[in-house]
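One structure below.
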Amino acid sequence: MKRILLSIAVIFGTCAFAQEKKSDSTKTKNIEGVTITKQVFKKQSDRLVYDVASSPISKGNTTFDILKQTPLLSSTDDKTLKIAGKNNVLIYINGRKSNMDAESLAQFLKNTPAENIQKIEVITVPGSEYQVESSDGIINIVLKKKMSDGLNGNMRFSNTQAKYNGSQASFSANYRKDKLGISASLSGGENIEAQTYTLKNSSVSASNESTGDIDDPNKNIGGYLNIDYQLNDNSNLALSWNTWANKSYNSTVSLFNTITNKYGTNYTWSKNKEDARSYNNSFNLNYELKTDSLGSKLNVNAAYLNYKRFQFTDNITYNSDINRKLDYKDKSTQMFQDLPQIINNFSGMVDYIQKFKNDLTISIGGNYNKTKTDNDTKSETYFIDPVNPPKLAPNHFVYDENIYGFYVTAEKKFSDKLSGKVGARYEITNSLGTSDNPPAGVEALKRIERNYNNFLPYLSLNYAINDKNNLSYSFSSRMRRPSFWEINPVVNKLTDDNYTQNNPFVKASSTYNQELMYMYKNSYFVVLNHSYIKDVITQVPLQGYPKKPNGNVGENLALRYIRTNFGDKQEMSAMIGIQKSFFKQYWTTNFSIGAQHNRNNGSLDMDPTTGDRFVDEKDKPLTYINTTNSTSLLIQTNNTIRLDKAKTWFAGVNFFFIDKQQVELGQIRSLASLDISIKKNWNDWTFALNANDVLKTNIVEIDDYQANGNYNYIHQNRYPRNITLSLTYTFGNKKLKKVRDIEGASDSIKSRTR
């Protein structure tokens, strides 16, 4: 069920919404008549660095709260983060990618206090040394570390009231003794994610409408353990373990369906019940050796990732009438699905960085990823009281993938003003998917083998015109491989005639990214982005009467959300903004405004997994086409107001607006949200009250009109309006410093478990 909701909500990934939040560019204090100025936000060669530890807004907030207020970052659904002009964000922690699935990662970030953070690095166009895909950007969260012997940490408790009540708690601690440093965190919570849906689709003479509620209870627990030991003055050994577990039992969908076709109008209820649980554990062993006094070093990583998800669904359709009568004895169809997924990944990575005295840095390295995804699906669908008893329909789909990557980069500072970086990656991908019992007529599922090589260049230039003006340009090319759940050939059923279809035949797409950025005084900025995506991996609706390869045509109008390669796409955006502090830092404000232009060019006329084609009432083929372009206005502002001289009371007012724009599923209507907050710091305690989506304007609506007469409509209310009360307590020695940045060997795999 979560996969259904995630698939339909994928449209958020196309809202490349720029939140240009720059917290205070300078922090000033007077010491014996001398003014010391510290930059809180600054531009480095290939990244933007936000010094959270020097910013007054971190205390009492969660890591997710701070990320939403970080320059160039935003969130429209309070689950996923976006970088301006980017489709996706990868979260790194201390230089290592977090190997958590998307849902677990969101909970982890919401349960981790911002007091744990030293700085946040935003890498909009990652260099060749990073194992990233598509137009992904990177957010590297650098946690604090003990500088002197002792113990410190914090505890956080919060309660959120939306449609239902939810609670969260976390405990974090840092310990150092001589050469040994240990940091650990444990967090958890429970909540019910509620949604209300209206789904409509129609043709010239037929229509389907489904409306109702979805309630998804969740219990989460997880954390991390990092152990870093200094072997000698030049070498360190580190071990990290990330873990997360989710339990979602008795998740329910209740939809009332109105079905009109050439035989008349029928009414049914779809009642879905799902029990699911998932476990995510990753280990990374890192060895670092400094080879000279200039900073040259060798990095060796070995990692193991184990991801397990167990999901059982029971989907029953009941006959009804226009008055929505529900008789639990009047069943029409029932579908059981057992959908386990187990992912094992072994990874290795070696990097060597050589620094020279003439400000030249050469980096070379390689990585290897071996992944096995095991999907032992079992399902049965039957009419109640069938002539023949139901038969189990197993489909054991196994996907093996090997990726070999090699890179080289050269970074040079030519003068105090000009610096540049050039590099390239060469990737070799070998994959094999096998199915022991594919659906009838889809024999190609028995063996799907793909082998491809890719050369991926990278270029970055940075020119500091003077102390106040900076200009930078970046270009990169990347591949985007499908997520492991996207290629698992299963149907996620919402109603009898409305479901999502995964696709094992999806191939990797190519993305070419360009970015031009101008900054003035670290407070004024202009960002221009352009992305060209070939063979876009996305989800599109196929609608009509499904016609089997044998010529049989279904009686009801069907709507399938198909995962596929859908033509090419271009995304262009332009943002201008200002971030300043006024009235002696009593008011820190950020405002940005810009436009995004989407150019779509895709079509689909067949379900690539089943071979079904869609026809109208006269057996005329129907093709889903999206060649519509759109230009949208984007506005974002974040404001922090200090209410007293002692810096103990703070208020926050944040607002975003996204104009309507064209995405793969159709035209998404405008979205907006007004969030307000108040915070009180009292010694080691922080009390905070947040109210989100006060005006109740962050509700998704999508319309799609086709020239052939097909119409598709989605209305999705995720109840984003909520109030959260939190309490944070910090204890122990406050003398802290940043930790070593360590990139994990399995970094390139994490995002594909979503």
Side-chain angles (χ1 to χ4, degrees), residues 3-16 80 82 85-90 101-102 131-137 341 343 369 371 373 375 397 399 401 403 427 429 431 433 444-445 448-452 454 456 476-492 500-513 531-542 560-571 598-610 624-627 662-666 668 702 748-754:
R3 293 302 189 205
I4 297 175
L5 308 187
L6 179 61
S7 297
I8 295 177
V10 75
I11 48 92
F12 290 109
T14 63
C15 299
T80 55
K82 312 299 297 181
K86 304 298 172 185
N87 285 336
N88 190 33
V89 167
L90 302 182
D101 60 278
Q131 305 171 52
V132 298
E133 302 201 350
S134 187
S135 59
D136 294 352
Q341 183 176 64
I343 300 174
N369 277 289
T371 307
T373 304
N375 309 278
F397 183 75
Y399 180 77
E401 181 182 77
I403 302 175
E427 294 183 345
T429 306
S431 66
L445 269 176
I448 305 172
E449 186 173 5
R450 298 195 190 281
N451 300 304
Y452 51 93
N454 302 101
L456 308 170
S476 73
S477 56
R478 294 289 184 180
M479 302 301 298
R480 197 284 215 193
R481 299 172 182 86
S483 298
F484 296 118
W485 67 268
E486 291 177 304
I487 56 180
N488 182 21
V490 298
V491 169
N492 291 286
T500 63
Q501 172 70 61
N502 295 338
N503 180 7
F505 300 106
V506 170
K507 61 182 180 181
S509 64
S510 302
T511 303
Y512 304 91
N513 307 296
S531 294
Y532 173 73
I533 308 108
K534 185 178 181 180
D535 297 322
V536 177
I537 301 175
T538 188
Q539 177 181 270
V540 297
L542 271 184
R560 299 181 190 175
Y561 295 96
I562 305 294
R563 185 68 52 179
T564 189
N565 296 105
F566 191 67
D568 303 334
K569 181 178 182 178
Q570 293 189 68
E571 297 176 343
N598 293 345
R599 300 175 66 89
N600 302 277
N601 183 25
S603 64
L604 185 68
D605 63 356
M606 181 184 73
D607 184 332
T609 302
T610 65
Y624 179 78
I625 300 174
N626 188 345
T627 56
Q662 190 72 22
V663 297
E664 283 80 4
L665 293 178
I668 180 171
I702 303 175
S748 62
I749 296 301
K750 168 257 173 184
S751 61
R752 297 171 62 202
T753 63
R754 280 181 297 224

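Computed over heavy atoms, backbone and side chain alike; hydrogens, waters and symmetry mates excluded.
With hydrogens and angles disregarded, a donor-acceptor distance shorter than 3.5 Å links the side chain of T609 to the backbone of N502.
Closest approach of A508 and I537 over heavy atoms only: CA-CD1, 4.4 Å. The minimum heavy-atom distance linking R563 with V506 is given by the pair O-CG2, 3.9 Å.
Note that OG1 of T564 and CG of D607 are 9.0 Å apart. Values are rounded to the nearest 0.5 Å. Considering OH of Y399 and OG1 of T371, their distance stands at 8.5 Å, rounded to 0.5 Å. Rounding to the nearest 0.5 Å places NZ of K569 at 6.5 Å from CD1 of I533. Taking CZ of F397 as the start and OG1 of T373 as the end, the distance is 9.0 Å to the nearest 0.5 Å. Once rounded to the nearest 0.5 Å, the distance linking CG of N369 with CD1 of I403 reads 5.5 Å. For the atom pair N503 CG and N565 CG, the distance stands at 7.5 Å (nearest 0.5 Å).
Considering only heavy atoms from C-beta on, V536 stays 4.5 Å or farther from S509 through its side chain. In this structure the side chain of P541 never reaches within 4.5 angstrom of the side chain of I562, judged on heavy atoms. Annotation: side chain of Q501 is not in contact with side chain of Y561 (no heavy-atom distance under 4.5 Å). Within the 4.5 Å cutoff, the side chain of Q539 has heavy atoms near those of the T500 side chain. Here the side chains of M479 and S510 are in contact, with some heavy-atom distance below 4.5 Å. In this structure, the side chains of L604 and L542 come closer than 4.5 Å at one or more pairs of heavy atoms.
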Would T610 and R560 count as a side-chain contact (heavy atoms from CB on, under 4.5 Å) here? Give the steps. CA-CA 12 Å; T610 65; R560 299 181 190 175; 3.6 Å; yes
Would N598 and Q662 count as a side chain to side chain donor-acceptor pair (under 3.5 Å) if you check the C-alpha gap in whole Å, the side-chain angles of each, and the deciding distance to 0.1 Å? CA-CA 7 Å; N598 293 345; Q662 190 72 22; over 6 Å; no
Chi angles and distances behind the side chain to side chain donor-acceptor pair (under 3.5 Å) call for T429, R481: CA-CA 10 Å; T429 306; R481 299 172 182 86; 3.0 Å; yes
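Remark: Y624 engages F566 in a ring-ring contact (aromatic ring centres under 6.0 Å, His included) (not counting sequence neighbours). Applying the side chain to side chain contact (heavy atoms under 4.5 Å, CB included) test to N601 and every residue at least two apart in sequence or in another chain returns T627. Every salt bridge (Lys or Arg N to Asp or Glu O under 4.0 Å) that K507 has, sequence neighbours left out, goes to D535. For N600, there are no side chain to side chain donor-acceptor pair (under 3.5 Å) partners at least two apart in sequence or on another chain. Partners of N454 under the side chain to side chain donor-acceptor pair (under 3.5 Å) rule, at least two apart in sequence or in another chain, do not exist in this structure. Not counting sequence neighbours, D568 has no partner by the salt bridge (Lys or Arg N to Asp or Glu O under 4.0 Å) test.
By the 4.0 Å N-to-carboxylate-O rule, R450 lies too far from E401 to be salt-bridged with it.
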